[in-house]
Structure formats: structure tokens, C-alpha cells
Amino acid sequence: MNMSSLDQHVLPRVLHIDPDTDAAVVLATLLVPDTEVVHAPTLAAARRQLDSGAFSLVVLDPDLPDGDGHVLVRSLREHSHVPVLLYTASQPALHHQAHAFLPKPWTSPRQLWHTVAHLLDIDPQVPSALQP
């Protein structure tokens with residue numbers, strides 16, 4: 001098979017920074033196969049991921065066990081053009097520094113998908129897994 005004749009579609013990479021592994025599974029389930037999701041449970045792991053590769057979107061719960069995620073938001077805004085979605089159970093005082101904010105767990109999967117699709121500029125059509 002000639003690989004040059006295939007459509008080489010590159011998926012947008014999403015870095016999900018959240019200490020909650022259940023939330024990571026839910027987010028990955030919603031976004032895959034339309035994106036590639038990488039999970040980082042700590043600020044240190046997130047920094048390693050950001051240093052090692054490019055991402056199209058960062059989804060962040062700033063309440064991290066090893067640091068303040070708001071510091072990361074400010075750093076990304078100053079040194080990068082990567083959009084940031086704050087997805088958190090707390091109402092962060094600095095949510096206006098991100099490109100979007102959604103409260104968890106009250107955000108519906110459909111609303112989460114639409115927000116991610118908007119930030120990534122991809123087809124906002126709800127995946128069949130989210131259809132009634």
C-alpha cells in the first residue's frame with residue numbers, strides 16, 4: 001500500500017491536566033477519536049509534556065497537588081498561543097485568563113464537546129456517542 005496516497009490527517013493534540021483520573025477517562029472518551037488526548041496528573045508532569053511536544057489545546061483543572069495551575073495559565077498566555085480551557089469544580093478567581101471556563105461536574109458532555117470543538121476550530125457536530 002502506498003502511504004503517500006492515503007489522507008494523512010493529523011489529529012489535534014489535547015493536554016488534559018487534572019489529578020482526577022476518572023475525569024481524565026471521561027474527557028478522553030469524549031474526545032477520542034477526534035483528538036489525541038494526553039493526560040498529566042500533576043503540574044510537573046504537565047510541564048514535561050509541554051516541553052516535549054506541541055499541543056493544540058490545554059484542558060486544565062488548576063487545583064493540582066504539586067502547584068498552582070493558574071501559574072501555568074499565565075505562563076501559557078505569555079509564551080504560547082495554545083488556548084486554555086479551565087475545567088474545574090472550583091470557581092477559579094483567575095478564570096478570565098483562560099480562553100474558556102466550564103464548571104465540572106455540571107457541564108454536559110455535549111457542552112464540553114462544543115467548547116473543545118470551538119477552541120480547536122474543528123467540526124462542532126456532536127459525535128454519535130453523545131447523540132440521544
| Nearest atoms (heavy-atom pairs only) where Pro19 meets Leu64 | CD-CD2, 3.6 Å
| Are any side-chain N or O atoms of Ser52 and backbone N or O atoms of Gln49, one a donor and one an acceptor, separated by less than 3.5 Å? | yes
| said: Under 4.5 Å between side-chain heavy atoms, counting indirect links through other Ile/Leu/Val/Met/Phe/Trp/Tyr residues: same cluster for Leu85 and Val32 or not? | reply: yes
| query | Taking C-beta and beyond as the side chain, do Pro41 and Thr21 meet within less than 4.5 Å on heavy atoms? | reply | no
| said: With a 4.5 Å cut-off on side-chain heavy atoms, are Val84 and Leu119 touching? | reply: no
| request: Please report the C-alpha distance between Asp20 and Asp61 in whole Å, then the side-chain angles of each, then the deciding distance to 0.1 Å, and finally whether the side-chain contact (heavy atoms from CB on, under 4.5 Å) criterion is met. | output: CA-CA 9 Å; Asp20 182 353; Asp61 185 335; 5.9 Å; no
| task | Locate the shortest heavy-atom distance separating Leu86 from His70; write the atom from each residue and the value. | result | CD1-CE1, 4.4 Å
| request: Work out which heavy atom in Lys104 is nearest to a heavy atom in Ala23; give both atom names and the distance. | output: NZ-CB, 3.8 Å
| Has the side chain of Arg13 got a donor or acceptor atom that lies under 3.5 Å from a matching backbone atom of Ala54? | yes
| Steps toward side-chain contact (heavy atoms from CB on, under 4.5 Å) verdict (His16, Val38) | CA-CA 6 Å; His16 182 209; Val38 176; over 6 Å; no
| note | Shortest non-hydrogen pair, Leu15 vs Ala40, comes out as CD1-CB, 4.1 Å
| query | Which heavy-atom pair separates Asp34 from Leu11 by the least distance, and what is that distance? | reply | O-CD2, 3.6 Å
| message | Test your reading of the model: is there a side-chain donor-acceptor pair from His39 to the backbone of Ala24, 3.5 Å cut-off? | response | no
| request: Begin with the C-alpha distance, continue with both residues' side-chain angles, and end with the deciding distance and a verdict on side-chain contact (heavy atoms from CB on, under 4.5 Å) for Leu31 and Val116. | output: CA-CA 9 Å; Leu31 301 184; Val116 168; 3.9 Å; yes
| query | Got Leu50 and Phe55 here, is their nearest side-chain heavy-atom distance under 4.5 Å? | reply | yes
| query | Distance from Arg74 atom CZ to Glu78 atom CD, nearest 0.5 Å? | reply | 8.0 Å
| Can you get from Leu112 to Ile122 by hopping between Ile, Leu, Val, Met, Phe, Trp and Tyr side chains that sit under 4.5 Å apart? | yes
| request: Evaluate side-chain contact (heavy atoms from CB on, under 4.5 Å) for Leu102 paired with Tyr87, printing each intermediate quantity in order. | output: CA-CA 5 Å; Leu102 292 174; Tyr87 184 48; 3.8 Å; yes
| field | Atom pair OG/NE2 of Ser108 and His114 - distance to nearest 0.5 Å | value | 8.0 Å
| When rounded to the nearest 0.5 angstrom, what distance separates CG in Asp18 from OG1 in Thr88? | 8.0 Å
| How far apart are the closest heavy atoms of Val73 and Ala98, and which atoms are they? | CG1-N, 4.3 Å
| Check ion pair Arg47-Asp66 (N to O, under 4.0 angstrom) | no
